[in-house]
Amino acid sequence: MNHIIDQDPKIFKLIEGEKKREQEVIRLIPSENYASKAVMEASGSVFTNKYSEGYPGKRYYEGQEFIDEVETTACQRACQLFHMDHANVQPYSGSPANQAAFLALLEPNDKILGLKLSEGGHLTHGYKLNFSAKFFNSESYTVDPKTHQIDYDKILDQALKFQPKLIIAGYTAYPRTIDFAKFREICDRVGAYLLADISHINALCISGDHPHPAPYADIITTTTHKALRGPRGGLILCKKEHASKVDKAIMPGLQGGPHNHITAAKAVAFKEALSGEFQTYAHQIYLNAQALAKALLGRGFNLVSGGTDTHLIIINAIASFKINGKDYAKALYRAGLETNYNTVPFDPNPPMNPSGVRIGTPAVTTLGMKESDMEFIAAKMLQVAQNINDEGVLNHIRQEVQEYMKQYDFSRFI
Ligand code: DSN
């Protein structure tokens, strides 16, 4: 940082502020993490200077001898990691990856079926204001009102009536196991493609703590950050038969020049994720989420679906403490615990002021937290709920959290 400090002290100061913040708060947003310094170095490398529209060996610019090998390596590693025939590492993030999957498999106005946004689906899975509903004919399935879990029989009935050309499985705020085999059966009954968006569960699919969609999905999309711990970016994996359509959908269909520095960082992250150490980390994410859910349930918290099978938990703050999700998340943050507010299934409240708070264990697991640390987190979360309007108590908890965080070694990331 010894150049930016002189050249742009304002931005330098803001970066330093964020560095300090990330070391002082307990980061529980399930889509966030700490990327390794190796990933950060690659993403800050000279590859940011280079244009490479096209694919390795077929570019429109000269000077590709290094980036071609980087991109080929990233694709090979991604295929090995996710057991799929073909990888495209160029998507700028998860949303463009989903757009490209649609563009590859569908025509405008084709029918798509995805989980409703307010029940855990993603914007790009058919939300009315998103491209996925504006350019395609979208219908949403819902979770069961009692169990808050996916009801496969109901989805089959809906699919038989609606006849979608694409069904999306894989979510942003759904804490339970997804049965990709059952989704394949439903897709086969109606002749639909299966798109598995594993952005949230990517690491658990790698470690075997969540079933892998590879045998069942036509296309898999994922972000490369979140639990996977790479740079901010997207990835598409597919069967051989869809490879050329997927590549054409990304370029020229949707994007221009790939972000080569991010491609390099993705390659580094995939190498990390192929290691035994990553398997241990990903399994610990799962164990920590189990321990955190148990610790919260033991303290009277109401959790959507009654718990978790994955890395994430949704607390119904209204049902737990008669506090709305936004107020609770804001109080938690004042006490040094970072979460995001989230709708709960069939939420009577609007998305900007919903009933729930979403938490997850990837970032704290990266730091080295174990099951016993989840007791500390649950205890502090209860104390915040019980003292939501007492700034003195919230400040005291924040100091305790800052002290607690001093035991972790951030030099690997920051
Ligand atoms: N916005 C992301 C998340 O926080 O889960 C999903 O794309």
Side-chain angles (χ1 to χ4, degrees), residues 18 22 25-35 91-102 112 114-133 138 140 143 168-176 178 195-205 210 213 219-236 254 262 266 269 282 285-286 289 292 304-305 308-315 325-326 328-330 332-333 337-345 347 351-352 354 356-366:
E18 176 65 13
E22 291 191 11
V25 301
I26 298 182
R27 300 178 58 226
L28 293 167
I29 294 174
S31 46
E32 296 184 0
N33 216 320
Y34 297 90
Y92 299 145
S93 198
S95 295
N98 284 343
Q99 287 176 44
F102 286 28
I112 61 160
L115 181 63
K116 200 171 175 183
L117 177 69
S118 55
E119 289 167 31
H122 189 253
L123 290 168
T124 55
H125 297 178
Y127 178 58
K128 62 180 181 200
L129 299 179
N130 187 262
F131 85 93
S132 51
S138 148
S140 300
V143 294
I168 305 152
Y171 315 109
T172 292
Y174 181 73
R176 293 299 181 174
I178 302 160
L195 168 62
D197 179 345
I198 59 166
S199 295
H200 264 268
I201 52 171
N202 47 28
L204 301 190
C205 291
H210 189 285
I219 293 187
I220 299 174
T221 54
T222 179
T223 44
T224 49
H225 42 289
K226 299 193 174 83
L228 189 53
R229 237 166 28 184
R232 304 293 291 227
L235 167 67
I236 308 181
L254 202 63
I262 299 301
K266 286 174 186 174
I285 291 177
Y286 167 76
L292 185 52
V304 167
S305 83
T308 184
D309 302 323
T310 65
H311 64 304
L312 76 79
I313 295 167
I314 299 166
I315 298 166
K326 191 172 184 173
Y328 187 40
K330 286 189 172 299
L332 284 167
Y333 192 57
L337 297 133
E338 189 184 8
T339 65
N340 71 271
Y341 26 104
N342 215 95
T343 50
V344 300
D347 204 325
M352 267 319 280
V357 161
R358 188 182 66 151
I359 58 174
T361 52
V364 295
T365 304
T366 291

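Note that ligands are numbered from 1 as they come in the structure, with each ligand's atoms numbered from 1 the same way. Each residue takes its place number in the sequence, starting with 1. The structure displayed is predicted, hence computed values, not measured ones.
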Atoms of ligand 1 close to S31 [distance to a heavy atom under 4.0 angstrom, numbered from 1]: 3 (C), 4 (O), 5 (O)
Atoms of ligand 1, numbered as shown, that sit under 4.0 Å from any heavy atom of H200: 3 (C), 5 (O)
Residue pair H122 / N98, side-chain donor-acceptor N/O under 3.5 Å: no
Protein non-hydrogen atom found under 4.0 Å from atom 1 (N) of ligand 1: no
Residue-ligand contact K226/ligand 1, heavy atom below 4.0 Å: yes
Protein heavy-atom partner closest to atom 7 (O) of ligand 1 - residue, atom, separation in Å: H122 NE2, 3.0 Å
Donor + acceptor pair across side chains of N33, T366 (<3.5 Å): yes
Among S31, P30, P362, the one residue meeting side chain to side chain contact (heavy atoms under 4.5 Å, CB included) with K226: S31
Backbone N/O of L123 and side chain of S132: donor-acceptor pair under 3.5 Å: yes
Any N or O of T172 closer than 3.5 Å to N or O of ligand 1: no
Aromatic ring pairing Y171/H125, orientation class (parallel under 30°, perpendicular over 60°, tilted between): perpendicular
Numbered atoms and elements of ligand 1 in range of R358, under 4.0 angstrom, heavy atoms: 3 (C), 4 (O), 5 (O)
Under the side-chain hydrogen bond (donor to acceptor under 3.5 Å, both in side chains) test, residues paired with H225 that sit two or more places apart: none
